[in-house]
Engineer: 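Below is the structure I would like to discuss, written out as structure tokens.
All values below were derived from every heavy atom in this structure, side-chain atoms included, with hydrogens, water molecules and symmetry-related copies excluded. The chain is numbered in sequence order, starting from 1. For ligands, and for the atoms within them, numbers begin at 1 and follow the listed sequence.
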Amino acid sequence: MVTSTSTSQGRTGPRGLPEWDRCAVMGVVNVTPDSFSDGGRWFDHEQAVKHGLDLVAQGADLVDVGGESTRPGAKRVSEAEELRRVLPVVRGLVAAGVLVSVDTMRASVAEQAVTAGARLVNDVSGGLADPAMIPAVAAAGVPFVVMHWRGQSIDMNNRAVYEDVLAEVLGELRTALDRAVAGGVAPERIVLDPGLGFAKTAGHDLTLLAHLDRLQDLGRPLLVAASRKRFLGRVLADEAGDPPPARERDAATAAVTAIAARDGAWAVRVHEVRASADAVRVARAIGAAA
Ligand code: PMM
């Protein structure tokens, strides 16, 4: 870890978090019964905290705790249930000294998680789902992940319609960034995320990954969350077109990590940490030798 605001490979993170001299690795703990890739595995609070600690031992720099599945078609959970799932896990990990991010679309959950010690708010809706989110993040003064989002998961696949996915995602992310700043969030605290798989086909995801440099032009650190997603299933599909199950996409995820790290992403969000932690170190070593 270094303390300067820019790094040896030109990577600058959001204000309010440590600076790493390489792409950061965010490990995922989904405290849900139904997330598409790991639903049900960490639903028990104790298991979830233990899993978060395992991810840190494998090289995670921070751990993203979420209590609501956003898989395509998912229905919303109640606020009370989301709080019940998330808060004890945030508390347990913070007590163990882990840098915790909270993955939520609800201002109330974000506020209470920050009070419990979470240091970053990761909102897949970029503040669109809950009008109280941006004011809450502005007041909390914590870093904020603004993801490209076109609507709730229940019908997001219908919104995967673009004439020019890169131009439209860039424009919509710029609007989301401006909205957060207008709402009082310091621009230095904002991270942008292309939202792979959210209202996007496999082809859209691949196009966005092929143009991370253009997303960097928005001037904010980038989070890339490709882990185990459908587009990897599509790339790895067998001759019959059948994709491997989500948990067999970790090597492919690490391949994306290496590319995202090389292309200057601030962080990757992954379920299986060890391979991605290795991938960012290899990318750093190659970058340093260039
Ligand atoms: N994807 C999921 C959940 N949270 N957060 C950000 N910032 N970006 C994402 O692409 C993202 C996210 C869905 O994946 P999961 O259910 O396996 O966690």
Engineer: Which ligand 1 atoms, with their elements, are less than 4.0 angstrom from a heavy-atom of Leu223?
Structural biologist: 7 (N)
Engineer: For ligand 1, which atoms, with element, lie under 4.0 Å from some heavy atom of Thr70?
Structural biologist: 2 (C), 3 (C), 13 (C)
Engineer: Checking the N or O distance criterion of under 3.5 Å, is ligand 1 in contact with Asp64?
Structural biologist: no
Engineer: Name all residues meeting the ring-ring contact (aromatic ring centres under 6.0 Å, His included) criterion together with His148; count only those two or more places apart in sequence or in a different chain, and write none if there are none.
Structural biologist: none
Engineer: Donor-acceptor pairs are to be reported for all side-chain atoms of residues 182-193 against protein atoms at under 3.5 Å, with residues two or more places apart or in another chain.
Structural biologist:
| unit_1 | atom_1 | unit_2 | atom_2 | d |
| --- | --- | --- | --- | --- |
| Glu188 | OE1 | Arg15 | NH2 | 3.2 |
| Arg189 | NE | Gly141 | O | 3.3 |
| Arg189 | NH1 | Arg15 | O | 3.3 |
| Arg189 | NH1 | Gly141 | O | 3.3 |
| Asp193 | OD1 | Gly195 | N | 2.7 |

Engineer: In ligand 1, which numbered atoms sit nearer than 4.0 Å to a non-hydrogen atom of Asn30?
Structural biologist: 15 (P), 16 (O), 17 (O), 18 (O)
Engineer: So which bit of Arg269 gets within less than 4.0 Å of ligand 1, heavy atoms only: side chain, backbone, both or neither?
Structural biologist: side chain
Engineer: Can a donor-acceptor pair be found between the side chains of Thr104 and Glu82 at a distance below 3.5 Å?
Structural biologist: yes
Engineer: Is the backbone of Met26 close enough, under 3.5 Å, to the side chain of Asp64 for a donor and an acceptor to pair up by distance?
Structural biologist: no
Engineer: State the atoms of ligand 1, each with its element, that fall below the 4.0 Å cut-off from a heavy-atom position in Val124.
Structural biologist: 4 (N), 5 (N), 12 (C)
Engineer: Output the list of atoms in ligand 1 that are nearer than 4.0 Å to some heavy atom of Asn122, sorted by atom number.
Structural biologist: 5 (N), 6 (C), 7 (N)
Engineer: Give a yes/no verdict on a cation-pi contact between Arg159 and Phe198, requiring under 6.0 Å between NZ or CZ and the six-membered ring centre and an angle within 45° of the axis.
Structural biologist: no
Engineer: Judged on heavy-atom distance to atom 1 (N) of ligand 1, which of His271, Lys229, Met147 sits nearest?
Structural biologist: Lys229
Engineer: Atoms of ligand 1 less than 4.0 Å from Val145 heavy atoms?
Structural biologist: 7 (N)
Engineer: Indicate whether the side chain of Thr201 and that of His204 have a donor and an acceptor atom separated by less than 3.5 Å.
Structural biologist: yes
Engineer: Given side chains that start at C-beta, do those of Leu215 and Leu170 come closer than 4.5 Å, heavy atoms only?
Structural biologist: yes
Engineer: Give the atoms of ligand 1, by number and element, whose distance to some non-hydrogen atom of Ala225 is under 4.0 Å.
Structural biologist: 8 (N), 9 (C), 10 (O)
Engineer: Quick test of your reading of the model: are Lys50 and Glu46 salt-bridged, counting only N-O distances below 4.0 Å?
Structural biologist: no
Engineer: Backbone or side chain, does any N or O of Asp103 fall under 3.5 Å from an N or O of ligand 1?
Structural biologist: yes
